[in-house]
Number of protein chains: 2
Amino acid sequence: MGITLRDVAARADVSVATASRALQKPAMVSTATRERVQQAVDELGYSPNRSARTLITGRTGVLGVVVPDLLNPFYPALLKGAQERARHHGVQLLLADAEETPEGELPLVRTLAPQVDGILLCSPRMGAKELDAAARLTRIALVNRTHTYLEAVAPNALSGVRGALRHLRSLEHRRIGVVGGPARSWSEGRRRRTIARAADELDVEVVDVGHFAPTVEGGRAAAESVLVLELGAVLVYNDVMAIGLLAALRESGFRVPQDISIVGWDDIESAAVTDPPLSTIRVPRREMGAAAIDALVEDPAAHQDGLTWRFESAFVARGSTGRARRAGD
Amino acid sequence: MGITLRDVAARADVSVATASRALQKPAMVSTATRERVQQAVDELGYSPNRSARTLITGRTGVLGVVVPDLLNPFYPALLKGAQERARHHGVQLLLADAEETPEGELPLVRTLAPQVDGILLCSPRMGAKELDAAARLTRIALVNRTHTYLEAVAPNALSGVRGALRHLRSLEHRRIGVVGGPARSWSEGRRRRTIARAADELDVEVVDVGHFAPTVEGGRAAAESVLVLELGAVLVYNDVMAIGLLAALRESGFRVPQDISIVGWDDIESAAVTDPPLSTIRVPRREMGAAAIDALVEDPAAHQDGLTWRFESAFVARGSTGRARRAGD
DNA sequence: CGCCATGCTGCAAACGATTGCACGCGGACG
DNA sequence: CGTCCGCGTGCAATCGTTTGCAGCATGGCG
């Protein structure tokens, strides 16, 4: 790793300054010089020391990504999209797991901020005040969340919910249970409102099943309420919970979709391979990850308005939804 | 971000050198000075500019992690473990996805190398020559793979395989199909050998079902051969494939475990929530990720011998394995 | 033929931290 | 009381790159 610009300059018989310019601002040097420098670079296998450049320019060429929990199956696809896009932009990704502690998020941003050009906050649990603080430290983009002046990438749930409800209605369901996620979660609130709106449009009744942990266990826990309420169809906060619910219902001797129809949310990978495969509302996670990186890389001039990028979600009909046992259920 | 060591030094009324020492080598300064500097740091909210330090010391405080595919459910848990450990060591993680292209791995290492203190290569597809080249660029640790002089973290498959075969034998299975992964994969070879050895010990017959893609589709594709060979029990290269196989068998009207027993491998999260839940050989991915980071952070003096850290795998009995229809199947 | 604009190039000063070296001061010891 | 030792501190060089400024040609134009 000992080859510096000095060496290159010496070999090309120019000054360090010229060598630097030949590489950074090719237009500023003559063609002949540029070629000589380039040749020296190739021969020596020179690669610039990023820290030195960063020290001057203040840009690190690295973006941070904070996810609440790497084990949450929602994030891998998002990371994949982000990573592809980052590579495309010639930028690296610094990964951090907030370990589901909302109080931990801001400190995390604090340590990350000096080392990156911007941070992607995925479904941050932190409050508005903390977001403000974060934004003061570095450029921020949000996923699955909006905040007045910050750039954000979020799904447009309406299309998907509409599709799901329409589908259920066509199967004679009129009374649809909603299994909620954590009560205080930002997306829970949003999703509820969207469901209410779509249900209103489509004239179906929404029954609140309650709030549950966004885990397989949480889904299992919802089973009892679902049965007590004698629901024929439920829309679940996310696929992981839907999978838990599916398992619990099966264990209680209920058949899906013959007895109960289940619609999940997110379309995580395993939703397609459950038995029956899960009907769900697909959220384009990969595209969202990619868009978020674009937002961070782009000229901060557009930062002004704090654009929100909306991604259409769509209902995906699979095997977990079927005709209501009693019409109107 | 404008606060430099200079400012701190000025406020504490010491030289920059002393300020630096107060923070880096506390033993070198008097208690009074150290406290004054610390106070200045706190009041100003100073945080050191890493690039400047890196420029001098050559250490970036960042480790690279290269995974073949972020969407492969094997890796999230591994990343989680790595990330936890990295944070514990005060080190950051640079994430890179090789996008399943073996030729892409070395270039990736090349771009990563100058920016990191070491790289974690997860299940690298590259050959021995490329690994040598990589090792020349930076410190390397391997996961799921060994290479003479490199530090590596790999599962000890024997215990798990032994458990699985013993379990199957206790259910009267004597003839066990092995659904293989990609023929040229390093771990495929290893797993095959381990299976052969354990089968030998336990006196069960191993039937080769062939090689398939390590995906749900690959697992589905294996179904036909499994049926043709009239197998009563199969051990599958990984859980993802096992899930595919499970689905395909079900669709063909076969019941698991009544007709066929299936054992997966890895114990990914979704293995526990299939129907029936998948019996599998657990690989401690999180611990492996953590150990790999430890290996990279530790004093490179131990680098000499290229230690391999073995992690015990263990068979996990769930619902996909049952008594053989005909004893000896 | 002279002047000026223009295009390349080099000098040298940054950037913010770390670290070898030297200096001064005090106490301990002879 | 003199010498020496050692601790704590500051000076200044250094890491590798970028960049403002100035200098030097060269070529075009009047």
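Every chain is numbered from 1, with letters handed out A, B, ... down the list of sequences. In this text the structure is predicted, and so the values were computed from the model without any measurement.
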Inset, instruction - Could you tell me the separation between the CE atom of B:M28 and the P atom of D:dC7, rounded to a whole number of Å? - result: 10 Å
Inset, instruction - Would you indicate, yes or no, if D:dG10 has its OP1 or OP2 atom less than 4.0 angstrom from a side-chain nitrogen or oxygen of B:S15? - result: yes
Legend entry - Nucleotide nearest B:S30 when distance is taken to its side chain, options D:dT9, C:dT9, D:dG16: D:dT9
Legend entry - From D:dT14, C:dT9, D:dT17, nucleotide with atom closest to A:T18 side chain: C:dT9
Legend entry - Under 4.0 angstrom between A:R53 side-chain N/O and D:dT18 OP1 or OP2: yes
Legend entry - For atom CD1 of B:I56 and atom C1' of C:dG20, their distance in whole Å: 12 Å
Inset, instruction - Have a look at A:T33 and say if it touches a base, only the backbone sugar-phosphate, or nothing, with a 4.0 Å heavy-atom cut-off. - result: sugar-phosphate
Inset, instruction - Take the protein atom CG of A:L23 and the nucleotide atom P of D:dT19, then report the distance between them rounded to whole Å. - result: 13 Å
Legend entry - Lys/Arg N to Asp/Glu carboxylate O, A:R139 vs A:E298, below 4.0 Å: no
Legend entry - For the student: nearest non-hydrogen atoms of B:V66 and B:A98, plus distance: CG1-CB, 4.1 Å
Inset, instruction - Tell me whether the OP1 or OP2 atom of C:dA17 has a side-chain N or O from B:T57 closer than 4.0 Å. - result: no
Legend entry - A:E105 (side chain) donor-acceptor with A:M126 (main chain) under 3.5 angstrom: yes
Inset, instruction - Tell me whether the OP1 or OP2 atom of C:dT18 has a side-chain N or O from B:S20 closer than 4.0 Å. - result: yes
Inset, instruction - Could you tell me the separation between the CG atom of A:N49 and the P atom of D:dT17, rounded to a whole number of Å? - result: 6 Å
Inset, instruction - Starting from P on D:dT17, measure out to CZ on A:R6 and report it in whole angstrom. - result: 11 Å
Legend entry - Nearest-nucleotide pick for B:Y46, side chain only, options being D:dC15, C:dA17, D:dG10: C:dA17
Inset, instruction - Could you tell me whether the phosphate oxygens of C:dT18, OP1 or OP2, come under 4.0 Å of any side-chain nitrogen or oxygen in B:K25? - result: no
Legend entry - Test: B:D13 and B:R36 ion pair at under 4.0 Å: no
Legend entry - Any B:L79 side-chain heavy atom under 4.5 Å of B:L70 side chain: yes
Legend entry - Per A:Q24 side chain, nearest of listed nucleotides C:dT9, D:dT18, C:dA17: D:dT18
Inset, instruction - Assign A:R21 to base, sugar-phosphate, or nothing according to its heavy-atom contacts below 4.0 angstrom with the strands shown. - result: base
Legend entry - Gap between atoms CZ and C1', on B:R36 and D:dG10 respectively (whole Å): 13 Å
